[in-house]
Amino acid sequence: MSTEPSTSESDTEPEASDFLRDQIRADLTADTYAGRVKTRFPPEPNGYLHIGHAMSICLNFGLAQEFGGECNLRFDDTNPEAESDEFVQAIIEDVAWLGFESSDTVYFASDYFDQMYSWAEDLINKGLAYVDDTDPETMSEMRGGFTTPGTNSPFRERSVEENLDLFRRMKAGEFADGERVLRAKIDMNHENMQMRDPVMYRIRNTPHHRTGDTWAIYPNYDWAHGQEDAIEGVTHSICTLEFDNNRELYDWYQNNIDLPFEKPNQYEFARLNLTHVVTSKRKLAQLVEDGVVNGWDDAAMPTIRGLRRRGYPAKSIREFCSHIGVAKTNSVREIELLESFVRNDLNDDAVRRSGVLRPLKVVIENYPEDQVEMLNAANHPNDDSMGTRQVPFTRELYIEQEDFEEVPPPKYFRLTVGREVRLRYGYFITATDVVKDAEGNVIEVRATYDPETGGGQAPDGRKVKSTIHWVSASEAVDATVVLYDRLFTAEHPSADGADPFDSLNPQAKEILEGAKLEPSMAEITQGEVVQFERLGYFAHDLDTPMLFHRTVGLRDEWARLQKSKGGNNQNQQNQKKNNQKK
RNA sequence: UGGUCGGUAGUUCAAUUGGUGGAACGCCAGGUUUUGAUCCUGGAGGUCGUGGGUUCGAUCCCCACCCGACCAACCA
């Protein structure tokens with residue numbers, strides 16, 4: 001990409017450098033793992049993947065690709081209560097859609113339950129784990145706080161034999177949920193709260209989506225995760241920042257059992273947060289439950305499936321993630337940045353089409369009544385290889401309502417009575433008169449065209465200020481188009497413990513039923529994204545034909561001009577608001 | 001309250017491990033343009049959280065303070 005004279009490797013991008021890549025390179029040169037690099041993406045199958053997960057996916061799979069290693073898609077299915085096979089399938093699909101066809105196999109923590117169990121008995125035998133009968137509330141109190149020490153459980157000194165017996169009976173399903181747990185015996189005064197005798201197993205008489213009812217006890221995250229990593233031969237276990245306190249426990253467990261591989265190491269990076277969205281599973285679920293959206297795959301949702309339906313290219317999401325890179329600082333990225341990546345890709349790849357969202361009829365009085373003329377239109381203004389298509393021109397057309405003003409505001413270049421504009425790929429027309437309804441609304445524009453301007457050029461060289469899009473009234477196909485605005489008006493919907501639903505944007509979705517599209521749109525495949533010229537990028541819905549979602553709009557200088565003119569004090573208000581928040 | 005990580009352009013983040021700082025997005029201006037799009041060129045914009053200290057010299061080192069994020073589930 002760059003033409004800079006590089007030292008030796010002429011054509012390769014300078015390799016990215018960050019704390020993770022540096023670590024991996026260091027491990028490679030020190031031969032820590034015999035040259036192996038193995039990562040994993042370990043979702044719990046209890047919900048759908050969202051944009052926040054994309055970062056972790058791109059990171060883990062990307063790192064593996066970069067260093068010639070492997071990345072396992074592994075389901076951390078250690079809690080049967082909220083998990084299901086439906087989520088497993090959805091996650092597999094979403095990861096694949098993002099472009100990371102996870103090898104051949106998919107891994108499950110539940111496949112290691114036997115191994116984990118036997119390691120747990122080892123720990124009991126070493127006197128490093130015990131069965132505790134304390135109830136949850138008491139146990140929480142006894143754990144102490146950040147500044148207060150914990151107190152030992154009265155069951156902490158049970159004999160190995162008793163522990164083994166009780167643990168086996170837990171496994172056999174002899175006890176009710178919550179009656180007992182297996183705890184690691186570490187240190188109730190440890191400054192790291194995670195190390196105060198953490199729970200390893202709890203009783204759950206709940207069927208598991210893969211193991212059915214063969215287990216009555218299930219391992220907790222900390223007891224499971226490192227062991228899963230070790231079993232799979234993971235070398236670099238990358239998780240988000242809030243797990244940094246768990247790393248000590250991750251290490252403790254692995255150091256106290258017999259590992260099949262070299263010990264993996266845990267590294268933490270900052271999760272991806274975006275402005276104007278929520279990514280908490282609970283909040284997302286509430287959007288679905290409250291009927292704000294039509295489901296987890298609604299095009300307004302920040303889920304991977306939602307973004308996909310909305311028309312976001314997987315490539316853009318990947319580029320966005322790699323642009324941001326990995327850091328150890330928590331941050332919130334602007335949703336606009338993601339959108340700019342989407343716009344960039346779509347600008348190159350999306351075919352151009354004509355569509356009128358809010359139709360206004362134009363009758364060209366000097367154009368023959370029954371004539372249908374096929375005009376040539378380029379599919380992409382900057383890329384001839386994308387070809388052309390034909391669009392029909394007729395006496396009656398639709399143009400965008402906002403492209404005509406009876407009393408034009410200053411700097412308005414578009415159509416008004418007495419002014420000439422160009423119809424894209426077509427003729428110059430001049431508005432001559434309007435027809436109004438009883439309330440005085442303009443419902444039709446009368447116009448004349450200049451037959452000499454076919455193809456959009458005037459032989460006398462005269463110019464017009466504006467080119468507008470249009471669609472033939474008789475030849476158009478009908479469509480429904482959904483426009484999207486921010487789901488939450490607040491930049492940080494959950495900041496300071498705020499309820500994001502207080503800033504829910506009632507105008508997040510605008511459904512336009514009567515859109516008119518050029519006839520070639522009838523052949524657009526579902527899921528395809530096109531640019532409606534001057535309006536933005538629109539994705540043909542995955543399920544419903546002739547339903548389009550606006551992926552993202554075009555940059556619009558005119559709209560900006562108008563906003564800054566009329567919205568000056570609104571901007572100030574927003575600024576005030578933001579300042580107050582700070 | 002204990003611990004961890006931070007406070008750098010309008011915004012979100014980089015870099016510099018002592019010699020006055022970059023990118024992206026946004027913004028502004030000009031050029032090209034049959035999308036007020038794209039593309040191209042240029043520009044504005046930072047007392048590098050506050051106060052001390054060390055030093056010839058600090059955004060970078062030391063100390064104190066202020067502010068923010070995260071962590072105390074039989075969730076992950």
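Keep in mind that the numbers below use all heavy atoms, side chains included, and drop hydrogens, waters and symmetry copies. Lettering of chains follows the sequences in order, A, B, ..., and the numbering in each one begins at 1. Keep in mind the model is a prediction, meaning the values are calculated, not measured.
With A14(B), C75(B), A37(B) as the candidates, the nucleotide lying closest to the side chain of A327(A) is A14(B). The side chain of Y412(A) approaches G36(B) more closely than any other nucleotide in the set G36(B), C75(B), U4(B). When distances run from any side-chain atom of R143(A) to the nucleotides U4(B), A72(B), C27(B), the shortest one goes to A72(B). Of the candidates G2(B), U35(B), A76(B), the closest approach to any side-chain atom of F146(A) belongs to G2(B). Nearest to the side-chain atoms of S340(A) among the listed nucleotides U35(B), U38(B), C25(B) stands C25(B). Closest contact between the side chain of N79(A) and the listed nucleotides U1(B), C75(B), A14(B) involves C75(B). Residue E242(A) has its side chain nearest to C71(B) when only U35(B), U38(B), C71(B) are considered.
Of the side-chain N and O atoms in R343(A), none sit less than 4.0 angstrom from OP1 or OP2 of U38(B).
Across all strands shown, A69(B) is found opposite U4(B) as a Watson-Crick or G-U wobble partner, with both distances under 3.5 Å.
Looking at Y250(A) and D229(A), their side chains do bring a donor and an acceptor atom within 3.5 Å of each other. H469(A) and R352(A) are not linked by any side-chain donor-acceptor pair at a separation below 3.5 angstrom, with hydrogens and angles left out of the test.
H50(A) NE2 to L274(A) CG: the interatomic distance, rounded to the nearest 0.5 Å, is 10.0 Å.
L241(A) comes within contact range of no nucleotide atom at all, as no heavy-atom separation falls under 4.0 Å.
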